[in-house]
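The shown structure was predicted, so the numbers you read here are calculated from the model rather than taken from an experiment. Each chain gets a letter, A, B and so on, in the order its sequence line appears, and its residues count up from 1.
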Amino acid sequence: MSSTIVWLRDDLRLDDNPALSAAAAGPDRMTVVYILDEVSPGIRPLGGAAKWWLHHSLAALSADLESKGSRLLLRRGAASAELRGLSEETDAGSILWNRRYGLAERTVDAGIKEWAAGQGITATSFQANLLFEPWTVRTGTGGPYKVFTPFWRSCLAGAEPRMPADAPQRLPQPAPAASGSLPVSDSLDSWGLLPRRPDWSTGLAETWTPGERGAGLRLEDFLDGPVEEYGTGRDLPGVEGTSRLSPHLRFGEISPFRVWQALRQRYPRNAPADVGTFRSELGWREFCWHLLYENPGLATDNYRREFDRFAWQTPSDAELTAWHQGRTGYPLVDAGMRQLWQTGWMHNRVRMAAASFLVKNLLADWRLGEAWFWDTLVDADAASNPANWQWVAGSGADASPYFRIFNPVTQSKKFDSRGRYLRRFIPELADLDDKAVHEPWKDSTAADAYPAPLVGLQESRARALDAYQQLKEG
DNA sequence: TGGTAGTTCCG
DNA sequence: GGAACTACC
């Protein structure tokens, strides 16, 4: 008897999952498989925080599938080999998946599609993780967009994103192997995705609930309040003003179509400007994937190739470690880096300030920062992380102008004036008053507990402007 | 989705 | 002394 394989990747959900829904609507038995592929060429290994998330997300997904009569099969290895084996084991007549957009991933998928065609197996892919697929958004002259605003305007001018599909009520039974028993699954624990000695994941577990249910609750919480003041609230790191949906979107625990529709339903017309601002953040996610699709080397190559000649300085071990550990002596940067380490996430405005500090005040190559964020963020994806680092560095598409150098003191005075965020993540500063907390080096009582500034803002700023000036002239 | 420095103007 | 404005980086 023929069966269907649903291959899940960055779409760890039952809701609005077109591949899963298509299988559920058919008559076949169904094998749902997740493959941990660390060996196919060009696939970027997951960072540590992402591994932690993946473990818990798969555990949640597995339970959700079982509650509907299905099960999650886990396999590890090259995706193509695993799928071939599994197709044979389960006598699969079709393989279904939701599309992904990185070059290495597309290459794997295309290879499987070709193999399947030769075997008489139907391989079908669906749009599930982007509202606007990269190749569908074109400028008037047929090229890809390089600037966000016209990109997003073009997206919004087209057809409204489709309605999301509800999760199937019931799922087909798992397909047996030829032997009659179910195909063998790896145990999740055997993958070793969770940190061991030391276990740094406590703060992550306190902050997040990976999985589809956690994602839905985040969306509800956001719609119940912060969304209406998103325009101002999102800039205040001491306030819960953002959606915090990023890691859930990263792993596909919630569909962007579901988020879009939830906003549409809540604000059928005349949505407040804040809602438009939030939508445009979804737009930045789309734009980053658009950029990665057109520039597969986004994480390694300067988008603006003239930056290949830029005179990045190799930071000393002490400097890089101070940045990693949140001990640069600049409270906003340090609070952000500690939030990142403790919770796997950093507020967006603080990301900009912390990244600007590394790339401009320390004059370090943006790839060093990109790599650290890749390893420590729960929401780092292959598009947004490099695209945003290049945005900060000035080497990217629609990038921040080179002379825009964030002043971490000005930023914290402006966006965390009471020092609420600073004190939360830097206990050494808890007793300083609202003025000194932004500039602890001016307060003698802070001197022993908190590091002195790693570099002077004036000199390091001037040095960065010089380096950029040389690039322009050179 | 900035910052700085210089200027004017004000209390 | 600092808010507000501007030109420039």
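C/dA7 atom P lies 20 Å from atom CG of A/L465, rounded to whole Å. Atom-to-atom, NZ of A/K472 to P of C/dC8 comes out at 13 Å; the value is rounded to the nearest Å. Computed from coordinates, the A/K413 NZ to C/dG2 C1' distance equals 13 Å when rounded to whole Å.
A salt bridge is defined here as a Lys NZ or Arg NE, NH1 or NH2 lying under 4.0 Å from an Asp or Glu carboxylate O, and A/D109 with A/R100 meets this definition. Under 4.0 Å is where a charged nitrogen must lie from a carboxylate oxygen, and between A/K146 and A/E294 no such pair does.
With sequence neighbours left out, the side chain to side chain donor-acceptor pair (under 3.5 Å) criterion links A/H347 to no other residue. In this structure A/R423 satisfies the salt bridge (Lys or Arg N to Asp or Glu O under 4.0 Å) test together with A/D434, sequence neighbours excluded. Evaluation of the salt bridge (Lys or Arg N to Asp or Glu O under 4.0 Å) rule for A/R351 yields A/D379 as partners, not counting sequence neighbours.
Using the six-membered ring where Trp is involved, A/W152 and A/F132 have ring planes that are perpendicular, over 60° apart on the 30 and 60° scheme. A perpendicular orientation is assigned to the rings of A/W208 and A/H248, their planes being inclined by more than 60° (bins at 30° and 60°).
Counting only distance, with no hydrogens or angles, the side chain of A/Q127 and the backbone of A/L131 share a donor-acceptor pair below 3.5 Å.
Within residues 378-400 of chain A, no residue has any heavy atom closer than 4.0 Å to DNA chain B. At a non-hydrogen distance threshold of 4.0 Å, A/M352 from residues 352-370 of chain A come into contact with DNA chain B.
Distance check: A/W52 CH2 to A/L194 CG gives 9.0 Å after rounding to the nearest 0.5 Å.
The span of DNA chain B lying next to chain A, judged by atoms under 4.0 Å from heavy atoms, is bounded 5' to 3' by B/dT1 to B/dA5.
Base engagement by A/R461 is indicated by at least one non-hydrogen atom pair under 4.0 Å involving a base atom. Residue contacts shown for A/Q411 are limited to sugar-phosphate atoms, with no base heavy atom under 4.0 Å away.
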Requested in this report: Show the numbers, then the answer: is there a salt bridge (Lys or Arg N to Asp or Glu O under 4.0 Å) between A/R99 and A/D11?
Outcome: CA-CA 9 Å; A/R99 285 192 281 277; A/D11 47 4; over 6 Å; no

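Remark: A/R279 qualifies as a cation-pi partner of A/W260 under the 6.0 Å distance and 45° angle criteria applied to the six-membered ring.
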